[in-house]
Amino acid sequence: MPLVDIEVIEGVFDTAQKAQMIEKVTNAMVEVEGEAMRGVTWVRVKEVRSGQWGIGGNTPSAADIKAMAAS
């Protein structure tokens, strides 16, 4: 049984977007492993609080990430 974890920054994605991630990642896994595995393919979306992750030595906030996505 596959287990896929997706880690995102808390407050960046809404509930509908996270559900879409789960659906699309499940579909991608089923494409690889076959339809019989759909019911046992786990996908978890985990949120990481601002300040508890970094990139390039910086700790951007959810607002910073949203601004990057909008540009």
Side-chain angles (χ1 to χ4, degrees):
M1 290 179 254
L3 169 62
V4 180
D5 284 332
I6 303 169
E7 293 194 38
V8 298
I9 288 59
E10 185 177 56
V12 174
F13 299 97
D14 63 28
T15 301
Q17 290 171 314
K18 289 183 270 187
Q20 188 176 22
M21 286 178 211
I22 292 167
E23 179 184 359
K24 289 186 175 201
V25 169
T26 298
N27 290 340
M29 292 301 298
V30 167
E31 243 183 80
V32 172
E33 61 194 9
E35 189 62 42
M37 295 298 282
R38 183 177 296 278
V40 294
T41 298
W42 293 51
V43 180
R44 301 185 298 186
V45 179
K46 298 178 175 186
E47 292 188 305
V48 179
R49 280 186 272 165
S50 291
Q52 295 190 354
W53 71 280
I55 184 169
N58 300 307
T59 54
S61 67
D64 295 331
I65 298 302
K66 286 181 179 182
M68 288 172 51
S71 60

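Computed over heavy atoms, backbone and side chain alike; hydrogens, waters and symmetry mates excluded.
- Of all non-hydrogen atoms in E47 and G11, the two that sit nearest each other are OE2-N, 3.6 Å.
- Hydrophobic cluster membership is shared by M68 and V48, with clusters built from Ile, Leu, Val, Met, Phe, Trp and Tyr side chains linked at under 4.5 angstrom.
- The side-chain hydrogen bond (donor to acceptor under 3.5 Å, both in side chains) contacts involving residues 28-40 comprise N27-R38, E33-T41, E35-R38, where partners must be two or more places apart or lie in separate chains.
- Put simply, OG1 on T15 and CD on Q17 are 9.5 Å apart, with the number rounded to the nearest 0.5 Å.
- The environment of CD1 in I55 is sparse: at most 12 heavy-atom neighbours from other residues, nucleotides or ligands sit within 6.0 Å.
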**Message:** Using the rule given for side-chain contact (heavy atoms from CB on, under 4.5 Å), can you reason through V8 versus M21, listing the C-alpha separation, both sets of side-chain angles and the distance that settles it, and then say yes or no?
**Reply:** CA-CA 11 Å; V8 298; M21 286 178 211; 4.2 Å; yes
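- Distance CG/D14 to CD/Q20: 9.5 Å, rounded to 0.5 Å.
- For the atom pair CH2 of W42 and CG of D5, the computed distance is 11.0 Å after rounding to the nearest 0.5 Å.
- Dense packing is recorded around CH2 of W53, with more than 12 heavy atoms of other residues, nucleotides or ligands lying under 6.0 Å away.
- The minimum heavy-atom distance between S50 and S61, with the atom names listed, is OG-CA, 3.6 Å.
- Going from atom CG of L3 over to atom CE of M1 covers 10.5 Å, rounded to the nearest 0.5 Å.
- When the side chains of ILVMFWY residues are joined at heavy-atom separations under 4.5 Å, either directly or via intervening members, M29 and I22 end up in a single hydrophobic cluster.
- Hydrophobic clustering (ILVMFWY, side-chain heavy atoms < 4.5 Å, transitive): V43 and V12 are in one cluster.
- Follow the hydrophobic side-chain contacts under 4.5 Å out from M37 and you never reach V4; the two are in separate clusters.
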